Amino acid sequence: MKNFPQSEILNSLPKQFFASLVKKAGEYIERGFDVINLGQGNPDQPTPGHIVAKLQEAAANPINHKYSPFQGFPYLKKAVSDFYSREYGVELNPEKEVAILFGGKAGLVEIPQCLLNPGDTVLVPDPGYPDYWSGVALAKAEMVTMPLKEENRFLPDYSELGTEDLEKAKLMFLNYPNNPTGAVADLEFFEETVRLANDHDICIVHDFAYGGIGFDGVKPPSFLQAQGAKDVGIEIYTLSKTYNMAGWRVAFAVGNESVISALELIQDHLYVSLFGAVQEAAAEALTGPQDCVKELNEMYEQRRNCLIDGLCSIGWDVTAPKGSFFAWLKVPTGFSSEEFSNILLEKAQVVAAPGVGFGSYGEGYVRIGLLTSEERLAEAVKRISELEIFKKS
Ligand SMILES: Cc1ncc(COP(=O)(O)O)c(C=O)c1O
């Protein structure tokens, strides 16, 4: 059999940092250990029943057995604009300001290819969601990182960016509620971002994947709520987290008309739109009963409290996340994030993602997902409390 070499562009994609940890965790499971996997971001709850029922009904409708319109069904775009109006008071033109996506990841990876030429500069958060890097590599663009530091509430400090980088930058990725730090931005920060984008002609892509998950009574704001945001960027919203629909692959981009039309153009070349039954179910999720979202928020908040209170009580000095379903925990002094993740796995059979996998400013932290029951989180805390370092403190 011939072994065909991969293309240069494929070889230029960033390496999967977490693969080795996943492999190691798998080995522990195979050896019969009861591993508590808090390292990944896969929602553990099922999709709400009324959304599943809509899919079942729609799957039987022959209209959905044909190719669907390339850019998605107009009723779904209308449902998206109704959702933004209801949730954020943001008015959108469903025909020109909404693009339907095969999940947020697809849109995030497509965007650099839509707007950049080889050698163009992109501003990305550090730590940040690694898929931004993949899109940048596919577009043969260059990355400049924006450090997210605890003392700045994990928001980038724009005054730290070099003038040359700002002048060269064409695109910026932001993500609040933030993966991995759990930080939530306020409207003031988004307004500052709009000013910066206007001053330097930068297109802002706000990844709002965790928009539906905010704690302590705070509803995370949409970037589009900032005055003038639509002039300078888009927001990408996925149904994966808010409605536990990660396996369904449905998301959308909203905002700047020229960026939306570029996304639709690339998608015309890459795919036909989503299965019509998934589109009907997505419209049901956005415009149907929303109690499920409130209940999900309450569940994550209780899990967060269980984890954070538990860890504080054993002497680990950790801060509670304000949104998303991740906790971003400072590793005890004397360990790198990878060393400490290894200790958690080897000695407590708890999987946590080492922060350095999200960028160099993630060093010194581990990310823990709130994607298992309070009981299992409490068990994880108990095992961690038995580690030598916590016994001494
Ligand atoms: C920050 C962030 N953005 C985007 C996504 C993509 O979600 P999806 O492709 O399921 O819409 C994820 C998923 O984990 C994420 O954590």
Side-chain angles (χ1 to χ4, degrees), residues 14 16-18 22 37-47 51 72 76 80 83 98-112 122 124-136 145-146 148 154-156 171-185 204-214 220 222-223 233-254 263 267 270-271 273-274 278-279 281-282 285-286 296 300 321-328 353 355 357-359 362 367-371:
Q16 248 292 4
F17 180 85
F18 297 103
V22 170
N37 190 349
L38 308 177
Q40 278 149 339
N42 206 347
D44 62 311
Q45 296 295 299
T47 306
I51 303 171
L76 179 53
V80 168
F83 172 82
V98 179
I100 307 300
L101 305 170
F102 272 89
K105 180 182 166 87
L108 292 163
V109 174
E110 285 159 10
I111 265 288
V122 189
V124 295
D126 177 0
Y129 180 58
D131 280 354
Y132 308 141
W133 314 338
S134 317
V136 174
T145 54
M146 303 184 291
L148 305 186
F154 297 111
L155 302 171
L171 192 66
M172 177 195 288
F173 284 106
L174 289 174
N175 162 227
Y176 293 97
N178 184 256
N179 175 10
T181 68
V184 171
I204 307 296
V205 176
H206 181 235
D207 175 3
F208 205 25
Y210 298 92
I213 310 169
S222 155
F223 171 63
I234 60 160
E235 183 155 85
I236 294 188
Y237 193 103
T238 174
L239 278 74
S240 294
K241 324 286 173 174
T242 313
Y243 301 101
N244 290 319
M245 292 172 72
W248 299 53
R249 310 315 301 138
V250 52
F252 50 86
V254 285
L263 271 172
Q267 299 203 137
L270 292 173
Y271 344 89
S273 191
L274 289 67
V278 169
Q279 298 194 44
L286 297 169
L296 190 71
Y300 285 137
K322 306 251 186 263
S324 84
F325 47 52
F326 297 114
W328 186 237
F358 300 94
R367 191 194 73 178
I368 284 204
L370 303 169
L371 301 168

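What's counted below: heavy atoms across the whole structure, side chains too, no hydrogens, waters or symmetry copies. We count ligands from 1, going down the list as the structure has it; atoms in each ligand are counted the same way. Computed from a predicted structure; not experimentally measured.
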Under 4.0 Å from any heavy atom of Arg249, which atoms of ligand 1 are there? 8 (P), 9 (O), 10 (O)
Per-atom contacts of ligand 1 with Leu108, taking only distances under 4.0 Å to non-hydrogen atoms: 3 (N), 4 (C)
Suppose we call two aromatic rings close when their centres sit under 6.0 Å apart. Are Phe173 and Tyr129 close by that rule? no
Protein heavy-atom partner closest to atom 1 (C) of ligand 1 - residue, atom, separation in Å: Asp207 OD2, 3.3 Å
Hey, can you tell me if Phe154 and Trp328 have their rings parallel, tilted or perpendicular (30° and 60° cut-offs)? perpendicular
With Lys322, which residues qualify under salt bridge (Lys or Arg N to Asp or Glu O under 4.0 Å), at least two apart? none
Under the ring-ring contact (aromatic ring centres under 6.0 Å, His included) criterion, do Phe208 and Phe252 qualify, and how do the steps go? CA-CA 10 Å; Phe208 205 25; Phe252 50 86; 9.8 Å; no
Would the distance check show the side chain of Arg367 and the main-chain N or O of Gly39 forming a donor-acceptor pair, the cut-off being under 3.5 Å? yes
Leu171 versus Pro112: any side-chain heavy-atom pair under 4.5 Å? yes
So the atoms of ligand 1 within less than 4.0 Å of a heavy atom of Asn175 turn out to be 1 (C)
Options Phe252, Phe102, Tyr129, ranked by nearest heavy atom to atom 6 (C) of ligand 1, top entry: Tyr129
Atom indices of ligand 1 within 4.0 angstrom of Ser240 heavy atoms, with elements: 8 (P), 10 (O), 11 (O)
Who pairs with Tyr243 by side chain to side chain donor-acceptor pair (under 3.5 Å), at least two apart in sequence or on another chain? Gln290
Measuring from the heavy atoms of Asn178, does anything fall under 4.0 Å of ligand 1? no
Counting from 1, what ligand 1 atoms have a heavy atom of Gly104 closer than 4.0 Å? 8 (P), 9 (O), 11 (O)
Could you list which atoms of ligand 1 come closer than 4.0 Å to a heavy atom of Ala209? 2 (C), 3 (N), 4 (C)
Looking at non-hydrogen atoms alone, which of Gln40, Lys105, Lys241 comes nearest to atom 14 (O) of ligand 1? Lys241
Ligand-residue contact atoms, ligand 1 with Gly103, heavy atoms, under 4.0 Å: 9 (O), 11 (O)
Nearest 0.5 angstrom please: Phe223 CZ to Tyr176 OH, how far? 12.5 Å
